[in-house]
Amino acid sequence: MLVVACLVATASAAAVPAGAAADTAAQSATVPASPGADADRSALGTAATPPRQTGNETNNSTGVIHENPDEVDGENELDRLLSYLSGELNGDIGASTLRLSRGEYEAARAALGDDYDDSLGKYVDVEGETDGDGASEEYRTVGETQRAYVDTVREFRETRREYEAARRAGDDERARELARELTRLAEDGESQSDRLLTAFDVISNRTDGDLTESSTQIEAVQANVSEQRDEIVSREFVATSLTVDDYDRNISFTDPLVLSGSLVADDGTPVTGSTARFAVGGQTIRTAVDADGSFELTYRPARIPAGSSSVTVRYLPNDTSVYQATERVVPVAVSQVNATAGLSEPAAPAYGYADGVSVRATLRVNGTPVPNYPLAASFAESSATASATNASGQSTVSTTVPATATGAASIRVAPDGDGRAVTFAPAAVSVPLETEGTALDASAREAGNGTVVVDGRLETDEGEAVSGQTVAVGVAGREVASASTNESGAYRATFDLPSDASAENATVSAAFDGGGTNLESSAATASVRLVDGPAAAGAGNNASGGLPLDLAWVVAGTAVVGLVAAVLLRRNRAGASATTTTVDDEPTASDTDDSSEPDSVTTGTPALDAAVDALDAGRPNDAVVVAYAGIRQSLGPAAGVDDAATHWEFCDRCVDAGVAPADALESLTAGYERAAYSGLSVSDEAAAELVETARSLAGTAAPDATDSPDSDGDADASEAVGAVE
């Protein structure tokens, strides 16, 4: 509820009743816009993002940044916030479909990127607090499907150009191969666009938004794709037809379907070739074809549902063939039969943590192998990998020993679904296990204001990273924090020192308890390394409400309007005595080697060093704001931008001057805008990425930089919806 409360308070200045939307749009049209990138962003429908500072604005809004969560329970406020978030999502969808209709595929995909996913996450949170029938599932479907559809359309356009080039070169076989690929892509596009149109309708019915224009654009794009596909198919291929003779409809794996018939072109002439491929019930069957086009095939049902009343027989010509695919639905009655599954014994005498295990599974019915059958496999209550059975009815099952595998753990295989034409009782084989020793290291450093950061790595004695395990952190025998190891075994915890301890003499302990795992316990201790310099001296008594002095002077040095106030308003709550953290993959130095590199990476500028310290102290918004301020200091002189420029004016001028790549600087600027003005918290992961972006930008600050502005180079104006070429 606290998250929802903060969102409601933040959106109060941006979310307006539906009847006031026109007035809001009219007012926003009068705000001076920065030239270049800002104008383009507005045209793309991204105006739903937090308001930007302009040259004529000051950061003295009287809007409430936070409200008491207990007071934010009015249904009207939640509904208004849900409508606001829906507007953001609809705007992103509209921007994506518009870009797609123009053939600008990268931009179309980017419009449904991280910002869309972030808004969707908030929408889901707020929807959970209301009794309304929201559209979160449909928004999720649109995000996944439209990104895939953009890729499909782009691949179709590129393949069509290859096809036209092959035709001009007289390479008929290659042209036919590409024509079949175009057919497949067009079919994929048809199913994807149908899902999108259905989701658009549901969203329009359940929200205040109207996605009619987006629907029209998707329909036009797909109509263009289908029309081109139809023209190419009629140009390249000879249509065919499939006839079948009488047959026994009662079939099973032990009593297969025996089907005879003929395969001819539409003009009645037999299809040439000595063999033909047919797809039947998920299997591919190759059979001989006589000179008159007659054939006979045998099909044993295995994967299709027992009780199926029909199967589709589809002729599959070779990619270079002149013939077009065709199919026929034949009525059947499928009965279920039982198979027997077996598993081979593991090869090694014992397996430990992270060791790979592989066994062979075999599936037969009365001695007859069951081919192309999918299996579900597991080990120690975790999923295992199993391939579909081959022609001999065999499958390879492989897995990695997790920490939770203890005692008599077994690899188990079962049917991957119920009710298939072939089923079998699950089979299992035991895997012998052994316990492995572990090694844990730890280092600790003071991060200011009595906060300590502890990090390290957990590995086996063989040097394998141990992930997903809890490390308990303590001071003077008391647990003060805990952290979970990531994929590389690294962990990090941040906590406030107990009142009766001081950083000068505190010893921090870290411990891993291997109980309930196949790993032995381990522990480590570390002395706290002290922060040197002005940051430590003023950490506890500066007058800016706890903002470290090195942060304060960097922020003040940028002369960005309202920056200090923005940082102070959005300070993360400090007062929790312990935190639980999972960190990104990164090397962690042990304090056992005093000659090792410092824990915080040297960035080359005080601002970026201060941003890293803010991250360590659990203040992601501060970190982003200060990192951005440091980049203004670094890039401003090289681009000739004065301190009075707004953040987007600064971004555009730096890009135009060629001192920074557009993508990176725009990403950092958007992150700064969120951290400084939106009233929302930036996640630790997002803040770390933005600080890393700032670090990369700091390397481009030389006055003679020659980077040119990035552009959306994938725009394909020739692919805009229109007549078929």
Side-chain angles (χ1 to χ4, degrees), residues 156 159-160 162-164 166-191 222-251 255-301 304 308-334 372 724-725:
F156 181 91
T159 305
R160 192 207 65 190
E162 291 184 50
Y163 163 77
E164 296 293 352
R167 286 193 71 232
R168 288 192 298 270
D171 190 347
D172 294 339
E173 288 192 355
R174 178 58 178 163
R176 286 194 290 270
E177 288 179 352
L178 292 169
R180 294 198 193 281
E181 179 65 11
L182 288 169
T183 299
R184 182 189 66 78
L185 290 169
E187 290 173 352
D188 289 346
E190 286 169 351
S191 61
Q222 187 55 43
N224 182 253
V225 167
S226 299
E227 188 175 355
Q228 292 184 35
R229 182 269 317 274
D230 293 343
E231 179 185 349
I232 291 170
V233 166
S234 64
R235 178 194 303 159
E236 293 293 337
F237 302 118
V238 175
T240 59
S241 63
L242 179 67
T243 61
V244 296
D245 302 330
D246 290 338
Y247 60 95
D248 184 357
R249 299 186 180 185
N250 297 310
I251 65 173
D255 185 14
L257 170 68
V258 179
L259 201 65
S260 60
S262 62
L263 184 63
V264 298
D266 269 2
D267 61 4
T269 59
V271 169
T272 59
S274 59
T275 61
R277 289 184 307 139
F278 295 90
V280 188
Q283 299 180 27
T284 300
I285 301 171
R286 186 179 295 274
T287 188
V289 178
D290 295 337
D292 61 356
S294 61
F295 68 90
E296 182 177 286
L297 63 82
T298 300
Y299 163 67
R300 295 180 183 272
I304 65 174
S308 295
S309 59
S310 66
V311 294
T312 299
V313 181
R314 182 177 176 84
Y315 165 55
L316 302 174
N318 295 329
D319 287 346
T320 59
S321 171
V322 298
Y323 295 111
Q324 188 175 338
T326 188
E327 63 184 37
R328 186 180 184 89
V329 177
V330 297
V332 294
V334 180
N372 198 30
V724 180
E725 296 177 47

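Quick caveat, the model's predicted, so the values are computed rather than measured.
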Rounded to the nearest 0.5 Å, what separates atom [atom1] in [X] from atom [atom2] in [Y]?
X	Y	atom1	atom2	answer
L259	R328	CG	CZ	9.0 Å
L263	S241	CG	OG	7.5 Å
L182	Y163	CG	OH	8.0 Å
R184	T159	CZ	OG1	8.0 Å
Y315	S321	OH	OG	4.5 Å

Can you find a heavy atom in the side chain of [X] that is under 4.5 Å from one in the side chain of [Y]?
X	Y	answer
F237	V322	no
I251	P256	no
F278	R314	no

Between the main-chain N or O of [Y] and the side-chain N or O of [X], is there a donor-acceptor pair closer than 3.5 Å?
X	Y	result
N372	G282	yes
S308	I304	no
T240	Q324	yes

Hey, are [X] and [Y] close enough for a salt bridge, meaning a charged N less than 4.0 Å from a carboxylate O?
X	Y	value
R160	E181	no
R235	E231	yes
R180	E236	no

request  = Report the C-alpha separation of E177 and R174 in whole Å, then their side-chain angles, then the decisive distance to 0.1 Å, and conclude whether the salt bridge (Lys or Arg N to Asp or Glu O under 4.0 Å) test is met.
outcome  = CA-CA 5 Å; E177 288 179 352; R174 178 58 178 163; 3.2 Å; yes
query = Given T183, which of D230, D188, L178, V233 fulfils the side-chain contact (heavy atoms from CB on, under 4.5 Å) condition?
reply = V233
query = When F295 is tested against each of D290, T275, V271, L242 for side-chain contact (heavy atoms from CB on, under 4.5 Å), which residue passes?
reply = L242
Show the nearest heavy-atom pair for residues [X] and [Y], with the distance to one decimal.
X	Y	value
L257	Y247	CD1-CD1, 3.6 Å
L316	A279	CD1-CB, 3.7 Å
D255	N250	OD2-O, 3.4 Å
P270	G293	CB-N, 3.7 Å
R277	P317	NH2-O, 3.4 Å
A265	V238	CB-CG1, 4.0 Å

inquiry  = I'd like to know whether R229 forms a salt bridge (Lys or Arg N to Asp or Glu O under 4.0 Å) with E190, so could you lay out the CA-CA distance, the side-chain angles of the two residues, the decisive distance to 0.1 Å, and finally the verdict.
reply    = CA-CA 11 Å; R229 182 269 317 274; E190 286 169 351; 2.7 Å; yes
message = Does atom CG (D292) have a neighbourhood of more than 12 heavy atoms from anything else shown, all under 6.0 Å?
response = yes
key: Trace of the side-chain hydrogen bond (donor to acceptor under 3.5 Å, both in side chains) decision for T320 with N318   = CA-CA 5 Å; T320 59; N318 295 329; 5.7 Å; no
inquiry  = Could you check whether E296 and T287, counting side-chain N and O atoms only, form a donor-acceptor pair closer than 3.5 Å?
reply    =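 No, E296 and T287 have no side-chain donor paired with an acceptor closer than 3.5 Å.
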ask   = Between S262 and T243, does any side-chain donor sit less than 3.5 Å from a side-chain acceptor?
value =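 Checked: S262/T243 side chains pair up, N/O donor to acceptor below 3.5 Å.
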task = Please lay out, stage by stage, how E187 and S191 fare under the test side-chain hydrogen bond (donor to acceptor under 3.5 Å, both in side chains).
result = CA-CA 7 Å; E187 290 173 352; S191 61; over 6 Å; no
